[in-house]
Amino acid sequence: RSSHCQHFVLPLSEIVASGAKNENEFESKCAHCDTLTAKLDECRHEIANLKKKNVDLGNMMLELQENEQKLTMEIESLRAENKRLKRSKLQLEESEFLQWDADQVVDWLCSLKDGVYREHEEVLRSGFIKNSINGSVLHLVNSAELNLIGIASISDRAA
């Protein structure tokens with residue numbers, strides 16, 4: 001039995017030296033592990049901060065998109081109002097009807113007979129612009145043309 005054990009027996013000095021070497025190596029690796037753990041904690045903290053900033057920026061973007069949509073609608077409304085004001089500012093002079101554009105002709109029509117054509121203003125405006133009906137050709141417009149443009153009511157066309 002002792003002959004078998006002799007192969008496994010190390011001198012005590014070798015065991016002590018080996019232990020000291022392993023202990024230094026172990027301490028070095030522990031210190032490196034502690035450093036990496038601290039860096040990992042810093043990275044996790046930074047990731048949490050970045051996630052919060054990302055959520056905040058996402059909320060800010062949604063708010064800005066809503067504001068943009070509201071402003072776009074307001075701009076369109078103001079453009080329409082501006083266009084209407086420009087047309088009304090012209091104070092249509094009936095003696096100059098030959099120079100009227102389609103919008104001015106429709107404005108004039110909508111002012112006639114207690115505004116009977118106001119309910120058809122959009123249809124008239126669209127049809128007159130599409131068909132290039134202006135003051136110089138106004139005398140050619142009759143009930144049939146108004147029907148083609150979209151004024152279906154005979155009584156409205158006759159007005």
Side-chain angles (χ1 to χ4, degrees), residues 20-159:
K21 179 182 169 191
N22 287 340
E23 189 175 320
N24 287 338
E25 193 175 315
F26 177 75
E27 286 178 16
S28 171
K29 288 189 179 188
C30 282
H32 183 65
C33 183
D34 289 344
T35 302
L36 291 177
T37 301
K39 285 183 181 180
L40 180 61
D41 288 343
E42 286 176 21
C43 288
R44 285 182 178 148
H45 182 72
E46 187 175 346
I47 288 171
N49 286 339
L50 289 172
K51 283 181 179 180
K52 184 185 179 314
K53 283 182 182 180
N54 191 33
V55 168
D56 291 345
L57 288 172
N59 291 337
M60 189 184 298
M61 186 175 85
L62 289 174
E63 187 178 319
L64 288 171
Q65 286 173 335
E66 288 173 7
N67 286 341
E68 178 188 28
Q69 194 173 31
K70 288 176 186 176
L71 290 172
T72 299
M73 289 171 36
E74 187 176 342
I75 287 170
E76 289 305 314
S77 173
L78 289 171
R79 282 183 178 150
E81 179 68 9
N82 187 29
K83 191 174 182 181
R84 187 192 65 74
L85 289 171
K86 281 182 181 178
R87 286 195 310 264
S88 68
K89 183 181 176 187
L90 293 175
Q91 297 294 326
L92 299 176
E93 293 290 330
E94 290 184 9
S95 63
E96 298 175 6
F97 76 92
L98 291 173
Q99 286 80 38
W100 292 351
D101 63 16
D103 282 321
Q104 291 169 312
V105 170
V106 172
D107 290 341
W108 175 74
L109 283 174
C110 289
S111 73
L112 298 177
K113 302 202 179 190
D114 296 323
V116 71
Y117 287 113
R118 275 193 204 117
E119 68 181 274
H120 304 291
E121 183 175 357
E122 287 183 34
V123 171
L124 286 169
R125 197 167 305 284
S126 167
F128 277 39
I129 291 170
K130 180 180 175 186
N131 293 290
S132 300
I133 298 173
N134 56 37
S136 66
V137 295
L138 181 59
H139 66 282
L140 301 174
V141 177
N142 59 32
S143 179
E145 279 78 24
L146 290 177
N147 188 36
L148 289 172
I149 287 172
I151 310 298
S153 167
I154 294 174
S155 62
D156 287 350
R157 288 191 316 238

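Please read all numbers here as calculations on a predicted model, not as lab measurements.
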Could you grab the distance from atom [atom1] of [X] to atom [atom2] of [Y], nearest 0.5 Å is fine?
X	Y	atom1	atom2	value
Ser153	Asn147	OG	CG	10.0 Å
Leu57	Met61	CG	CE	9.5 Å
Leu138	Glu145	CG	CD	11.0 Å
Glu119	Ile151	CD	CD1	8.0 Å
Leu64	Leu71	CG	CG	10.0 Å

Do [X] and [Y] have side chains that approach each other closer than 4.5 Å (heavy atoms only, starting at C-beta)?
X	Y	answer
Leu146	Leu124	yes
Arg79	Asn82	no
Asn131	Leu148	no

Check [X] against [Y] and note the closest heavy-atom contact, atom names and distance.
X	Y	value
Ile129	Ala102	CG1-CB, 3.8 Å
Gln104	Gln99	OE1-O, 4.0 Å
Leu109	Tyr117	O-CD1, 3.5 Å

* Asked: Going through the distances and angles, do Trp108 and Phe97 end up as a side-chain contact (heavy atoms from CB on, under 4.5 Å)?
  -> CA-CA 9 Å; Trp108 175 74; Phe97 76 92; over 6 Å; no

* In this structure, are over 12 heavy atoms from other groups packed under 6.0 Å from Gln69 atom CD? ->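 No - once you tally the heavy atoms of other residues, nucleotides and ligands closer than 6.0 Å, there are 12 at most.
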
* Should the heavy atoms of other residues, nucleotides or ligands under 6.0 Å from CD of Glu76 be counted, would the total exceed 12? ->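 Counting other residues, nucleotides and ligands, CD of Glu76 exceeds 12 neighbours.
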
* Asked: Can you check side-chain contact (heavy atoms from CB on, under 4.5 Å) on Val141 and Val105, steps first, answer last?
  -> CA-CA 11 Å; Val141 177; Val105 170; over 6 Å; no

* Are any side-chain N or O atoms of Thr72 and backbone N or O atoms of Glu68, one a donor and one an acceptor, separated by less than 3.5 Å? -> yes

* Backbone of Met73 reached by a side-chain donor or acceptor of Ser77 within 3.5 Å ->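 Judged by distance alone, no pair lies under 3.5 Å.
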
* Report yes or no: do Asn49 and Glu46 form a side-chain donor-acceptor pair below 3.5 Å? =>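 No pair is found: no donor N or O on one side chain lies under 3.5 Å from an acceptor on the other.
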
* Asked: Does the distance from a Lys or Arg side-chain N to an Asp or Glu carboxylate O, for Glu42 and Lys39, drop under 4.0 Å?
  ->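 Salt bridge: no.
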
* Asked: What residue among Val106, Asp107, Leu112 forms side chain to side chain contact (heavy atoms under 4.5 Å, CB included) with Cys110?
  ->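 When Val106, Asp107, Leu112 are each tested with Cys110, the side chain to side chain contact (heavy atoms under 4.5 Å, CB included) holds only for Val106.
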
* **Criterion side chain to side chain contact (heavy atoms under 4.5 Å, CB included) against Ile47, the qualifying member of Lys51, Arg44, His45** =>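 The passing option is Lys51.
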
